[in-house]
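Each chain gets a letter, A, B and so on, in the order its sequence line appears, and its residues count up from 1.
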Number of protein chains: 2
Amino acid sequence: MSEDDKARPTRDFGETRKRAAGQQTTIHDVARLAAVSIGTVSKALNRGGRLKPETRERVIAAAKQLSFRPNDLAQSLHRGHSLTVGLISKDNFGRFAMPIMEGLEECMADRSMAVFMCNATDDPERESHHVRSLLGKRVDGIVVTARRADRRPPLEVAASGPPVIYVFSQTDDPDALCLLPDDEGGSFMATEHLVKLGRRRIAHVTGPENFEAVQLRRRGYRAALQAAGLSAPDAHCLTGAWSEAWGRQALASLFDDADNAPDGIVCGNDQIARGIADGLRERGVDAPAAVSIVGFDNWQILAEATRPALTTIDMNLKELGREAGRRLMEMIAGASMKGVRRLPCSLIVRDSCGGRAKS
Amino acid sequence: MSEDDKARPTRDFGETRKRAAGQQTTIHDVARLAAVSIGTVSKALNRGGRLKPETRERVIAAAKQLSFRPNDLAQSLHRGHSLTVGLISKDNFGRFAMPIMEGLEECMADRSMAVFMCNATDDPERESHHVRSLLGKRVDGIVVTARRADRRPPLEVAASGPPVIYVFSQTDDPDALCLLPDDEGGSFMATEHLVKLGRRRIAHVTGPENFEAVQLRRRGYRAALQAAGLSAPDAHCLTGAWSEAWGRQALASLFDDADNAPDGIVCGNDQIARGIADGLRERGVDAPAAVSIVGFDNWQILAEATRPALTTIDMNLKELGREAGRRLMEMIAGASMKGVRRLPCSLIVRDSCGGRAKS
DNA sequence: GTGAAAGCGCTAACAA
DNA sequence: TTGTTAGCGCTTTCAC
């Protein structure tokens, strides 16, 4: 055979090619099998121009027989877009990032876009490494997310680079687009729910002061009280950790002055709510009969395990992820958007507030 | 200007190119600025052959000035590998998938590989769509994961396709490589811990029978008892849901026969353990003084919130993800591996078992 | 209706 | 030491 090989002029590109590209079938193989030119194959396989139906059939059959997958890399190189986007998470993939990722991935997959997953874990070095990598991969867009929705420095992407969108994360760059849950509205909704149930002494137990979400949720709580013509003493608005232990501790201080004990508690998150529910049971106070509790986050596994099962606010994070995907697609298509958009939360009613709210 | 444009022969490739590729700087731009050929640029930018240092400097400077990122797509097209892998999750990105993803991503990022994130959510249609997409993107390898480690049909990837590895997920294909936590060993370790603490009537409360993990963990529990010369009545080995409620319920049945109540409980997961801890407190039984509890999963937020904080088994999922990354890289490099490997779990000691184990 | 060929941005072999 | 060029696999005019 060596003789044959040597004799044959170096024209059998097919083989050379296959060896280099790792045994993948290429459009040339299909063309050869269908006995047409590669141009024709391309036309037949894509929603192509005029072509004799018979030829098209033949090409398609050949492609199937070789189980041919066109090489997206080559395609992208030519078309100038890669059909991929990057998802960068500044900190760990946490509990909150997960549904966002899910929503985003779902939205992108529906549009035949692939998502690169990048975790920067609070390390700016790592983050910019990821950004460079994504840029090298010519992603069509980038989504930035985080474990907590507070401000962060903008991503180092030139204006000429791909569009960037911040989800559950925000930045100071006034030209950036940030998508966030409506913490204030959610908290308003929670408080209003208690008001509608007839609660009048509504307290608020929430997380660390330095979270923007804490401030927003408190504002929502206050606004709802005000709207109902109610007010609350300072001692009824407690700031601490995002934990069950803090919930129990706060409850103790709320019930120290038994005469002024609240009949409703709006919690900063579900863990706090869980602590409060447990604390109440241990004090022999009946929830929801004597005290209504609302949580925040709708951390399902926790909310359902709490006794009574928590009525809580859902930030609709998955939908937030989907919306990010949709918007990013628009930006990729050329739309320019900026500013901060907040998506509505939902109230999930379970058992911790008592009888259904009167409309 | 139109005149100029028309007059000029179609030789100014640079401009044409830039327009098509979305304003990205190319190697040609760098070459022009540095006044060298593109071959030289390539050599200078990659760890390249012999080159006059001065020239190299000049090229690098030019590249920096234009903030040039080589197009990985083009590079991959030529080299025949894409420096990307795909991560397919059969079901949702759940609590277990998260650390695995983190570990994998970390490992890959360290090797300058990017990870595509694909979620199939129990939909075989969606899964094969994702596989096709990954194949089209010419990923160098694929990782399959799941919410639960039970068997699944193998991924539809031809033998000639990229290597596949199953993590926290397994398949019947005897040629596949599956990476799993050592459930049996973990449970053995948990039980042994109680034995060393002097517990003699050790019960086991676990999840649904149809989980492979349930069977393995039970086996580990039994083996540890046997190794210690202990035994347990059938009534001390309870199967139910993976929930707190089941934990409380099981506890009730365990303590119905007060004389035969256990002094140690090995739980199938942390939620069950939490239910048991709560149940114990509500019955006025002191844990860990009277009863030791061990959980499983080391779901940190839950384990720490439990009173007493749970001693539990950590499946080291992040490490599992890293290991998957390492192995996949070896497979990409040509190694062939198969079979089921189980990675060791760790015992995380907190407060729910009482005094430190001797030895 | 089909084929030929230029070219997407880059690398590597070969020339100079 | 540097430049030239033939591809990687695909799309897309433009001829025929």
Side-chain angles (χ1 to χ4, degrees), chain A residues 10-32 34-59 63 66 68-83 136-138, chain B residues 10-32 34-59 63 66 68-83 136-138:
Chain A
T10 63
R11 281 273 107 212
D12 191 3
F13 285 177
E15 288 319 295
T16 321
R17 208 175 285 119
K18 278 182 82 169
R19 220 174 309 123
Q23 325 313 31
Q24 291 281 5
T25 340
T26 76
I27 200 171
H28 290 89
D29 303 316
V30 179
R32 198 178 312 134
V36 292
S37 75
I38 58 168
T40 306
V41 174
S42 177
K43 225 177 293 179
L45 260 30
N46 307 327
R47 69 192 95 270
R50 269 136 282 283
L51 215 51
K52 195 154 66 181
E54 181 207 302
T55 318
R56 167 159 303 171
E57 301 281 312
R58 193 149 37 88
V59 171
L66 299 172
F68 167 69
R69 304 258 99 246
N71 185 331
D72 287 353
L73 268 42
Q75 220 164 294
S76 301
L77 184 58
H78 185 92
R79 302 222 233 241
H81 54 252
S82 60
L83 298 182
K137 296 255 178 322
R138 295 298 189 264
Chain B
T10 63
R11 280 273 106 213
D12 190 2
F13 286 175
E15 288 317 297
T16 321
R17 209 174 284 121
K18 277 182 80 169
R19 222 176 304 124
Q23 326 311 30
Q24 292 281 5
T25 339
T26 76
I27 201 172
H28 289 89
D29 303 316
V30 179
R32 199 177 311 136
V36 292
S37 75
I38 57 168
T40 306
V41 175
S42 177
K43 226 175 294 180
L45 259 31
N46 308 327
R47 66 190 97 271
R50 271 137 280 283
L51 216 52
K52 192 153 68 181
E54 182 205 303
T55 319
R56 169 159 300 175
E57 301 281 313
R58 193 149 36 89
V59 172
L66 298 173
F68 167 69
R69 302 260 103 243
N71 185 333
D72 288 351
L73 269 41
Q75 219 164 295
S76 302
L77 185 57
H78 185 92
R79 301 222 233 240
H81 54 250
S82 60
L83 297 183
K137 296 254 180 323
R138 295 296 187 267

- Query: What string of B, S and - do you get for nucleotides 10-16 of chain C, 5' to 3', when a contact is any protein heavy atom under 4.0 Å?
  - Reply: SBB----
- Message: Counting only side-chain heavy atoms from C-beta out, which of C:dG1, D:dT4, D:dT1 sits nearest to B:K52?
- Response: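 Given the options C:dG1, D:dT4, D:dT1, the side chain of B:K52 is closest to D:dT1.
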- Partners meeting side chain to side chain donor-acceptor pair (under 3.5 Å) with B:S76 (sequence neighbours left out):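 If we apply the side chain to side chain donor-acceptor pair (under 3.5 Å) test to B:S76, skipping adjacent residues, there are no hits.
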- Item | Student check: side-chain heavy atoms of A:R69 and A:Q24 closer than 4.5 Å |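 Side-chain contact under 4.5 Å: no.
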- Query: Hey, are the side chains of B:D72 and B:Q75 touching, using non-hydrogen atoms and a 4.5 Å cut-off?
  - Reply: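 Touching, per the 4.5 Å side-chain cut-off.
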Sequence neighbours left out, what passes side-chain contact (heavy atoms from CB on, under 4.5 Å) with [X]? Give chain and number order.
{"X": "A:I27", "answer": "A:I38, A:V41, A:S42, A:F68"}
{"X": "A:L83", "answer": "A:H81, A:M113, B:K137"}
{"X": "A:R58", "answer": "A:A34, A:A35, A:V36, A:E54, A:T55"}

Given atom [atom1] of [X] and atom [atom2] of [N], what is their separation to the nearest angstrom?
{"X": "A:L77", "N": "D:dT11", "atom1": "CG", "atom2": "P", "answer": "11 Å"}
{"X": "A:L73", "N": "D:dC10", "atom1": "CG", "atom2": "P", "answer": "10 Å"}
{"X": "A:L83", "N": "D:dT11", "atom1": "CG", "atom2": "P", "answer": "12 Å"}

- Task: Using a heavy-atom cut-off of under 4.0 Å over every strand shown, decide if B:S76 touches base, sugar-phosphate, or nothing.
- Result: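 Result for B:S76 = nothing.
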